[in-house]
Amino acid sequence: MLQQTRVAAVLPYYRRFLRRFPNLKRLAAASEDEVLQAWSGLGYYQRARNMHRAARRIVESGGRFPNEYSAIRALPGIGDYTAAAIASIAFGQPYAVVDGNVIRVLSRILAERGNVRSAPARTRLRKAAEHLLDRDRPGDFNQALMELGATVCLPRTPQCAGCPVAKWCRARRLGIERQLPVRRRPPRIEKATRTLLVVQRNGALLLKRRPVGGQLEGFFELPEPADLPGARLGPKLGEFRHAITRRRYRIRLRAAELDLLPSEFLWLSPDQLNAVPMTTATRKALNQLAGTWKR
DNA sequence: AACTCGGGGAC
DNA sequence: GTCCCAGAGTT
């Protein structure tokens, strides 16, 4: 229940749930609907289904809750964190937990500046937790670390004045405790397909020029269909990828013909093309056309 | 490595 | 509104 859910939110559900399903056998005997009903309001309902499945699996195989990390970890809905929590708290085995609290506390104590969403930073934090773990009282140690994060080492306003380990905290010493942990979510990548038009005339190519006041001001580029409403589209001449910050374009090149001469465009000869600023997408296009486009 | 899955409390 | 919560499973 505590997976991604605050203790305070869980408590009433926890009490009700245990009253209704006091042991593994009763939970296993219940229908999934009953379990979901008791869970409804808590969210992440896959947790309930997994717990129910785990109970049934345990009961089918003897009814004894597994007491070894790898067997616990193999149960549905139990990942690294929960397996370590059960193994250490219930069975006194030396497995370090790494939850959101531990990530915050240790990233500050170590002044871990890497993105804690990344695998390398996660590995460093996990190794630190394993190193620090009190092997005689792993359950108490794990819970103490999580409790420190939940009550003192708070996300936005860490209460360093009342922190028992402040003197060992590197982030505190550096004055960056409020900047940690770094949880940078990479910007969402947007994918799109664009078409660039290749309009030729007497060995020259039709280009448009980017307007004043925008990005890439004054740069030249091939027109798009929207620029030339009257154009008749011809055969496809090529295709390539192009990336601009968080966008990933698939750019298709098509030949086109015009009846009316557009005013805001320019005909550029190959020599002239070499002498003007050009967007990278258009340069890639011209490189690709080099084989097919002869003056 | 990124996504999805819920709902709530703190700010 | 934004962040984050005692994460796990899937793609």
Side-chain angles (χ1 to χ4, degrees), chain A residues 1-18 32 35-55 57 69-91 93 95-108 114-126 128-130 132-134 137-159 177-191 243 246-248:
Chain A
M1 285 182 171
L2 290 166
Q3 289 167 359
Q4 287 288 283
T5 308
R6 291 175 199 282
V7 174
V10 161
L11 266 177
Y13 287 87
Y14 174 74
R15 298 192 216 283
R16 249 180 287 135
F17 198 91
L18 275 194
E32 184 171 288
V35 177
L36 288 174
Q37 194 275 327
W39 201 282
S40 66
L42 247 194
Y44 283 141
Y45 297 97
Q46 201 58 36
R47 295 180 298 180
R49 297 190 190 90
N50 282 334
M51 181 186 281
H52 189 220
R53 260 186 271 151
R57 186 176 301 180
Y69 178 88
S70 57
I72 299 169
R73 176 67 177 80
L75 291 169
I78 295 186
D80 292 339
Y81 162 76
T82 307
I86 295 173
S88 65
I89 297 170
F91 301 113
Q93 296 175 7
Y95 291 90
V97 300
V98 181
D99 73 331
N101 290 305
V102 173
I103 287 171
R104 187 167 56 255
V105 172
L106 293 186
S107 71
R108 284 172 175 164
N115 187 350
V116 296
R117 294 178 187 276
S118 72
R122 287 295 179 104
T123 299
R124 289 193 287 274
L125 294 174
R126 182 178 47 75
E130 290 168 353
L132 291 168
L133 181 70
D134 182 336
R137 300 172 62 187
D140 287 345
F141 176 88
N142 282 333
Q143 295 198 67
L145 204 51
M146 292 188 283
E147 192 70 5
L148 186 65
T151 61
V152 177
C153 198
L154 303 177
R156 297 177 191 267
T157 54
Q159 310 293 307
E177 67 273 12
R178 301 169 79 103
Q179 273 82 259
L180 298 180
V182 177
R183 293 179 194 275
R184 205 162 289 133
R185 185 189 291 281
R188 188 182 289 264
I189 300 298
E190 212 173 286
K191 295 181 179 177
R246 44 179 277 275
R247 299 175 209 283
R248 300 290 177 272

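Source: prediction; values computed, not measured. A note on names: the letters A, B, ... follow the listed sequences, proteins ahead of strands, and every chain is numbered from 1.
Listed by chain and number, the residues in a salt bridge (Lys or Arg N to Asp or Glu O under 4.0 Å) with A:D140 are A:R137 (sequence neighbours excluded). Among residues two or more places apart in sequence or in another chain, the salt bridge (Lys or Arg N to Asp or Glu O under 4.0 Å) test is passed with A:R178 by none. Every salt bridge (Lys or Arg N to Asp or Glu O under 4.0 Å) that A:E130 has, sequence neighbours left out, goes to A:R126.
Put simply, CZ on A:R104 is 10 Å from P on C:dG7, counting in whole angstrom units. Distance A:Y44 OH to C:dT10 P: 15 Å, rounded to the nearest Å. Rounded to whole Å, atom P of B:dG8 lies 10 Å from atom CG of A:L42. Rounding to whole angstrom units, CZ of residue A:R126 and C1' of C:dG7 are separated by 16 Å. Atom pair A:R117:CZ and B:dT4:C1' shows a separation of 13 Å (rounding to whole Å applied). Straight-line distance from the CZ atom of A:R122 to the C1' atom of B:dA1: 12 Å, rounded to whole Å. Taking atom CD on A:Q179 and atom C1' on C:dC3, their separation rounds to 16 Å, with Å as the unit. Across the protein-nucleic acid pair, A:W39 atom CH2 and B:dC5 atom C1' stand 13 Å apart, rounded to whole Å.
Nearest nucleotide to the A:T82 side chain, out of B:dG6, C:dA8, C:dC5: C:dA8.
At B:dG7, one or more side-chain N or O atoms of A:Y45 fall inside 4.0 Å of OP1 or OP2 (strictly under the cut-off). Between A:Q3 and C:dG7, a side-chain N or O to OP1/OP2 separation shorter than 4.0 Å is absent. Between A:R73 and C:dA8 there is no side-chain polar atom (N or O) within less than 4.0 angstrom of OP1 or OP2.
Between A:Y69 and A:Y95, the angle of the ring planes stays under 30°, which puts this pair in the parallel group of the 30/60° scheme.
For the segment residues 46-54 of chain A, residues with any heavy atom less than 4.0 angstrom from an atom of DNA chain B are, sorted by number, A:R47.
A:R108 and A:P155 get closest at one heavy-atom pair: NH2-O, 2.7 Å. Closest heavy-atom contact between A:G149 and A:R104: O-NH2, 2.7 Å. Here the shortest heavy-atom pairing between A:S40 and A:Y45 reads CA-CE2, 3.5 Å.
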For nucleotides 9-11 of chain B, tabulate all protein N/O to nucleotide N/O atom pairs closer than 3.5 Å, reporting atom names and distance.
none

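When atom types are taken as modelled, the side chain of A:R57 and the backbone of A:L75 share no donor-acceptor pair closer than 3.5 angstrom.
Residue contacts for A:D80: at a heavy-atom cut-off of 4.0 Å it reaches the sugar-phosphate backbone alone, with no base atom in range. Within the 4.0 angstrom heavy-atom criterion, no nucleotide atom of any strand lies near A:G149. At a threshold of 4.0 angstrom between heavy atoms, the contacts of A:E147 with the nucleic acid are absent.
Map A:S118 and A:T5 each onto its nearest nucleotide of DNA chain B; the residue landing nearer the 5' end is A:S118. Between A:L2 and A:L75, the residue anchored nearer the 5' end of DNA chain C, judged by the nucleotide with its closest heavy atom, is A:L2. In terms of position on DNA chain B, the residue among A:G43 and A:P120 whose nearest nucleotide sits closer to the 5' end is A:P120.
Taking atom P on both C:dT11 and B:dG6, the two are 16 Å apart, rounded to the nearest angstrom.
For the side chain to side chain donor-acceptor pair (under 3.5 Å) condition, the pairs that include at least one residue of residues 5-16 of chain A, sequence neighbours left out, are A:T5-A:R47.
Considering only heavy atoms from C-beta on, A:V102 stays 4.5 Å or farther from A:L125 through its side chain.
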